[in-house]
Amino acid sequence: INNAQATDTIFSPNQDGSEDTTTITADLTAVADWTVEIKNASDQIVRSVSARAAIVSFLWNGRDESDQQVPDGAYTWTINATDPVTQAQAAPVSGTVKVDTVIDTSEIREPVADANLSGTVAIKGLANDINRRTDGNTVWYLQYGQGINPTSWTTLASDWRPAVLDAFNNPPTLYNWNTTQRVNGDYVLRLRVIDQAGNISDTRIPVTLYNIAINNAQATDTIFSPNQ
């Protein structure tokens with residue numbers, strides 16, 4: 001059994017069209033009866049498939065023998081192969097894949113939902129996942145949209161590093177938002193966290209901007225003579 005691998009070691013079988021499957025493949029030195037077994041952390045077989053060929057290929061959609069979605073976690077796959085003529089058995093080959101269908105942490109802590117905002121506001125929150133991106137790509141985006149149900153979004157901040165509590169359990173400031181640069185009215189803040197399995201969170205809170213400004217201030221006469 002040569003070149004055994006899973007195409008995606010972390011995948012998200014939640015039917016969202018992104019990283020929903022992984023394919024376990026291998027090359028055999030001859031045509032053989034092969035079996036792929038997938039076991040959970042309790043060493044129980046959750047899925048098994050067999051065929052006769054010189055190439056092993058099994059697309060796993062994260063479902064068990066009863067066609068039920070398996071829980072998130074680590075799963076071990078093992079390939080066995082037997083010569084159909086001599087019954088000689090190849091040394092088994094194993095590997096591990098992770099099923100991950102959720103973002104672990106995606107929270108906007110401050111401001112709170114339905115808050116009235118003015119001036120510069122510190123937006124604080126948490127953004128993290130056990131399988132977060134580690135390749136330098138963006139881990140989280142903080143965005144705003146105008147109106148109660150925005151149709152477009154503007155990114156305020158993003159980072160490839162997770163946003164986690166500090167040593168005193170305080171959430172970090174994701175962005176200091178100068179609300180005076182926006183017109184008054186309803187807005188929605190949105191935090192999106194992305195992990196290696198292709199999961200994307202969508203945490204939203206509605207807020208209202210209300211800033212008072214003094215405009216067109218002037219004196220009609222900068223020099224005058226109040227001597228009756």
Side-chain angles (χ1 to χ4, degrees), residues 8 10-21 62 69 71-72 98-220:
D8 292 279
I10 303 174
F11 71 112
S12 174
N14 55 8
Q15 315 306 316
D16 66 351
S18 176
E19 306 289 344
D20 283 330
T21 62
Q69 175 66 53
D72 282 12
K98 291 181 180 179
V99 173
D100 179 9
T101 60
V102 297
I103 293 294
D104 295 328
T105 307
S106 178
E107 301 177 32
I108 297 176
R109 292 283 187 90
E110 297 179 21
V112 297
D114 300 316
N116 291 315
L117 309 181
S118 61
T120 298
V121 177
I123 303 174
K124 299 182 179 182
L126 302 174
N128 199 11
D129 190 85
I130 190 171
N131 295 316
R132 68 177 180 269
R133 290 176 165 182
T134 56
D135 54 5
N137 287 320
T138 302
V139 170
W140 58 265
Y141 296 86
L142 177 66
Q143 301 172 313
Y144 76 86
Q146 189 171 5
I148 298 175
N149 296 300
T151 57
S152 62
W153 300 89
T154 299
T155 298
L156 293 172
S158 62
D159 206 325
W160 57 270
R161 296 165 297 187
V164 299
L165 294 171
D166 65 17
F168 302 99
N169 285 325
N170 296 313
T173 297
L174 305 179
Y175 188 73
N176 288 306
W177 190 21
N178 182 0
T179 66
T180 64
Q181 297 177 345
R182 309 268 69 84
V183 298
N184 289 339
D186 294 321
Y187 288 80
V188 176
L189 290 172
R190 179 170 78 168
L191 179 61
R192 309 200 86 190
V193 184
I194 307 171
D195 68 8
Q196 293 184 60
N199 298 303
I200 305 176
S201 69
D202 193 336
T203 302
R204 304 185 185 196
I205 63 164
V207 296
T208 300
L209 303 192
Y210 186 71
N211 290 286
I212 298 176
I214 300 174
N215 300 316
N216 304 316
Q218 64 177 329
T220 55

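- In this structure, OG on S106 lies 10.5 Å from CD1 on I194, to the nearest 0.5 angstrom.
- Nearest heavy atom pair, residue L126 against residue L191, reads O-CD2, 3.5 Å.
- In this structure the side chain of Y187 never reaches within 4.5 angstrom of the side chain of T179, judged on heavy atoms.
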**Message:** Please evaluate residues S118 and Y210 with respect to the criterion side-chain contact (heavy atoms from CB on, under 4.5 Å), reporting the C-alpha separation (whole Å), side-chain torsions for both, the decisive distance (0.1 Å), and the verdict.
**Reply:** CA-CA 6 Å; S118 61; Y210 186 71; 5.7 Å; no
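- Take R204 and apply the salt bridge (Lys or Arg N to Asp or Glu O under 4.0 Å) test, not counting sequence neighbours, and it matches D202.
- Annotation: ring-ring contact (aromatic ring centres under 6.0 Å, His included) contacts of W177 (sequence neighbours excluded): Y144.
- Contact record, V188 with I148: CG2-O, 3.5 Å, taken as the closest heavy-atom pair.
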**Prompt:** Given the rule in the side-chain contact (heavy atoms from CB on, under 4.5 Å) test, do N14 and D20 qualify, once you have shown the distances and angles that lead to the verdict?
**Reply:** CA-CA 6 Å; N14 55 8; D20 283 330; 3.3 Å; yes
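- One distance of note links CG of N211 with CG of N116; it measures 10.5 Å at 0.5 Å rounding.
- Surrounding CH2 of W160 are at most 12 heavy atoms belonging to other residues, nucleotides or ligands under 6.0 Å away.
- When all heavy atoms of T101 and P13 are compared, the pair lying nearest together is CG2-CD, 3.8 Å.
- Residues passing the side chain to side chain donor-acceptor pair (under 3.5 Å) test with N184: none are found, sequence neighbours excluded.
- Side-chain contact annotation: D16 with S18, donor-acceptor N/O pair under 3.5 Å absent.
- Using a 4.5 Å heavy-atom threshold, the side chains of D100 and F11 count as separate.
- Residues in residues 107-120 take part in these salt bridge (Lys or Arg N to Asp or Glu O under 4.0 Å) pairs, two or more places apart or across chains: E107-R109.
- Inter-residue side-chain proximity for I103 and D195 is flagged as met; some heavy-atom pair is nearer than 4.5 Å.
- Between P111 and I123, the closest side-chain pair of non-hydrogen atoms falls below 4.5 Å.
- No side-chain heavy atom of K124 sits under 4.5 Å from any side-chain heavy atom of N170.
- Within the 4.5 Å cutoff, no side-chain heavy atoms of D186 are placed close to those of P206.
- Note: L117 CG to L189 CG = 7.0 Å, rounded to the nearest 0.5 Å.
- Looking at T105 and V193, their side chains never come closer than 4.5 Å, going by heavy atoms from C-beta outward.
- Looking at L174 and L156, their side chains never come closer than 4.5 Å, going by heavy atoms from C-beta outward.
- Closest approach of R132 to P162, counting heavy atoms only: NE-CG, 3.6 Å.
- D104 CG to D129 CG: the interatomic distance, rounded to the nearest 0.5 Å, is 4.0 Å.
- With sequence neighbours excluded, the residues forming a salt bridge (Lys or Arg N to Asp or Glu O under 4.0 Å) with R161 are D159, listed by chain and number.
- The structure places CZ of R192 at 10.0 Å from OG1 of T155, a figure rounded to the nearest 0.5 Å.
- By the 6.0 Å contact criterion, CG on N149 is open, its count of non-hydrogen atoms from other residues, nucleotides or ligands being 12 or less.
- By the side-chain contact (heavy atoms from CB on, under 4.5 Å) test, D135 is found to be paired with R133, N137, residues two or more places apart in sequence or in another chain being considered.
- Shortest non-hydrogen contact noted between V102 and N199 is N-ND2, 3.7 Å.
- More than 12 heavy atoms of other residues, nucleotides or ligands shown are found within 6.0 angstrom of CD1 on I200.
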**Request:** Before giving the answer on side-chain contact (heavy atoms from CB on, under 4.5 Å), spell out for T134 and Q196 the whole-Å C-alpha distance, their side-chain angles and the decisive distance to 0.1 Å.
**Result:** CA-CA 8 Å; T134 56; Q196 293 184 60; 4.2 Å; yes
